[in-house]
**Student:** 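So that we are looking at the same thing, I have put the structure below in structure tokens.
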There are 2 protein chains.
Amino acid sequence: MRITTKGRYGLVIMLYLANHYKNDEYITLKEISESENISLKYLEKIMISLNKSDFLKSLRGSDGGYKLAYEPKNYTIKEILNVSEGNLDIVTCLNSEHECPKKDNCSSIKLWKGLNDVIDDYLSNKTLADFMEE
Amino acid sequence: MRITTKGRYGLVIMLYLANHYKNDEYITLKEISESENISLKYLEKIMISLNKSDFLKSLRGSDGGYKLAYEPKNYTIKEILNVSEGNLDIVTCLNSEHECPKKDNCSSIKLWKGLNDVIDDYLSNKTLADFMEE
DNA sequence: TTGATTTCCTACCATAAAGGTAGTAAAATA
DNA sequence: TATTTTACTACCTTTATGGTAGGAAATCAA
């Protein structure tokens with residue numbers, strides 16, 4: 001049961017951009033890569049998913065880079081993880097694409113739904129702003 | 001972010017035994033396998049971890065099988081998942097064996113600790129008895 | 001004491017996911 | 001035109017998942 005580097009690094013990127021939001025400058029992945037000690041090429045790959053959603057602005061060329069499209073408080077951790085990590089369902093049985101044929105008389109599904117709810121509640125109610133440097 | 005079949009099936013086994021606890025009979029994996037439609041061989045493998053902990057009694061031979069060593073209410077979901085699934089840390093950074101060198105000035109670690117706490121709280125406060133058939 | 005049953009134990013294996021690397025095209029700027 | 005930086009595609013190694021196979025050892029009933 002764990003979040004992989006995709007989700008973690010995705011959040012690292014978003015937090016970095018949030019911490020530089022007030023300057024309104026484009027930040028290069030090179031800068032993030034060096035500051036956070038994560039391979040540039042891997043960050044690029046993760047960025048593809050983040051950039052497909054509408055929450056970033058990007059610019060190519062020198063002085064280019066990325067910046068947040070909105071204020072940090074507008075990004076919930078849940079939506080960021082959903083984009084960078086992918087599916088957050090704790091068990092496949094809860095996923096509509098892999099629905100379990102026995103789900104209606106399964107005694108453990110209540111457990112998984114309950115767990116899913118507490119996780120969902122936490123991730124939906126925290127935003128980037130809650131974890132920025134002061 | 002998900003629990004694998006090891007954890008899920010481990011819980012299925014434990015819930016099955018809990019639901020038959022009052023009869024005080026040994027239950028065979030064959031019965032559970034047929035009832036829950038899970039390969040006997042795979043259940044055997046999962047059973048090895050469950051049986052290494054002290055919460056089951058086992059007996060070989062005909063009329064043998066497994067039963068709970070204690071009442072269902074004495075088993076928290078957390079300890080069952082810990083045994084059948086293995087490590088439940090949501091990110092590797094929280095695991096003492098893979099401690100992150102940057103953890104002291106990492107802004108996302110607060111997020112993971114918070115998430116870990118709500119999950120831990122939920123799993124520690126639910127027992128097998130909470131999910132038994134009435 | 002033999003046969004059936006069931007746990008116990010070890011080894012193996014195919015597929016998918018994780019965690020990247022490499023190379024290049026396209027855009028933007030100086 | 002050269003440099004910088006994103007955008008895109010392809011590839012690769014290692015680990016984890018989700019099993020299967022075969023047999024040994026214990027237990028009980030006939």
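Each chain gets a letter, A, B and so on, in the order its sequence line appears, and its residues count up from 1.
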**Student:** Hey, are A/Tyr16 and A/Glu31 close enough side-chain-wise for a donor-acceptor pair under 3.5 Å?
**Tutor:**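 On atom types as modelled, these side chains qualify, holding a pair under 3.5 Å.
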
**Student:** What does B/Tyr26 touch in the nucleic acid at a heavy-atom separation under 4.0 angstrom: a base, only the sugar-phosphate, or nothing?
**Tutor:**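 Result for B/Tyr26 = nothing.
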
**Student:** Can a donor-acceptor pair be found, under 3.5 Å and without considering hydrogens, that links the side chain of A/Tyr122 to the backbone of A/Asp117?
**Tutor:**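 No; zero donor-acceptor contacts below 3.5 Å.
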
**Student:** Is the distance from OP1 or OP2 of D/dT6 to the nearest side-chain N or O of A/Asn51 less than 4.0 Å?
**Tutor:** no

**Student:** When all nucleic acid strands are considered with a 4.0 Å heavy-atom cut-off, which category describes B/Ile48: base, sugar-phosphate, or nothing?
**Tutor:**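 Base, at least one base atom sits under 4.0 Å.
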
**Student:** Can you measure A/Leu43 atom CG to D/dC8 atom P for me and round it to whole angstrom units?
**Tutor:**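 Interatomic distance, CG of A/Leu43 to P of D/dC8: 17 Å.
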
**Student:** Has A/Ser58 got a side-chain N or O lying under 4.0 Å from the OP1 or OP2 atom of D/dT5?
**Tutor:** no

**Student:** Begin from the C-alpha positions of A/Val91 and B/Arg2 and carry the test side chain to side chain contact (heavy atoms under 4.5 Å, CB included) through to its verdict.
**Tutor:** CA-CA 5 Å; A/Val91 287; B/Arg2 58 183 240 274; over 6 Å; no

**Student:** With rounding to the nearest 0.5 angstrom, report the CG to CG distance, A/Leu81 to A/Asn87.
**Tutor:** 12.0 Å

**Student:** Given atom CE of A/Met47 and atom P of D/dA7, what is their separation to the nearest angstrom?
**Tutor:** 8 Å

**Student:** Take atom NZ of B/Lys30 and atom P of C/dC8, then tell me their distance rounded to the nearest Å.
**Tutor:**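 Answer to the nearest Å: 17 Å.
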
**Student:** From the list C/dT7, D/dA7, D/dT5, which nucleotide is the closest neighbour of the side chain of A/Tyr66?
**Tutor:** D/dA7

**Student:** Report the secondary structure of DNA chain C in dot-bracket form, marking unpaired bases with a dot and bases paired to a different strand with |, and treating Watson-Crick or G-U pairs with both distances under 3.5 Å as paired.
**Tutor:** ||||||||||||||||||||||||||||||

**Student:** Quick check against the 3.5 Å criterion: does B/Ser58 have a side-chain atom that pairs as donor or acceptor with the backbone of B/Tyr66?
**Tutor:**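 No: the side chain of B/Ser58 does not pair with the backbone of B/Tyr66.
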
**Student:** Any salt bridge linking B/Lys67 with B/Asp24? Criterion: basic side-chain nitrogen under 4.0 Å from a carboxylate oxygen.
**Tutor:**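 Judged by the 4.0 Å cut-off on N to carboxylate O distance, B/Lys67 and B/Asp24 do form a salt bridge.
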
**Student:** Linking I/L/V/M/F/W/Y whenever their side-chain heavy atoms sit closer than 4.5 Å, directly or via other members, would B/Leu50 and B/Phe131 fall into one cluster?
**Tutor:** yes

**Student:** Please work out whether the ring planes of A/Tyr75 and A/Tyr70 are parallel, tilted or perpendicular, with thresholds of 30° and 60°.
**Tutor:**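 The arrangement is tilted - the two ring planes meet at 30° to 60°.
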
**Student:** Nearest whole Å is fine: how far is D/dA7 P from A/Lys57 NZ?
**Tutor:** 14 Å

**Student:** Is it true that the side chains of B/Thr4 and B/Glu85 contain a donor and an acceptor less than 3.5 Å apart?
**Tutor:** yes

**Student:** Output one letter per nucleotide in nucleotides 14-29 of chain D: B when a protein non-hydrogen atom lies under 4.0 Å from the base, S when only the sugar-phosphate is that close, - when neither is.
**Tutor:** ---SBBSBBB-BBBB-

**Student:** When the distance from NZ of A/Lys67 to P of D/dT6 is rounded to whole Å, what number comes out?
**Tutor:** 14 Å

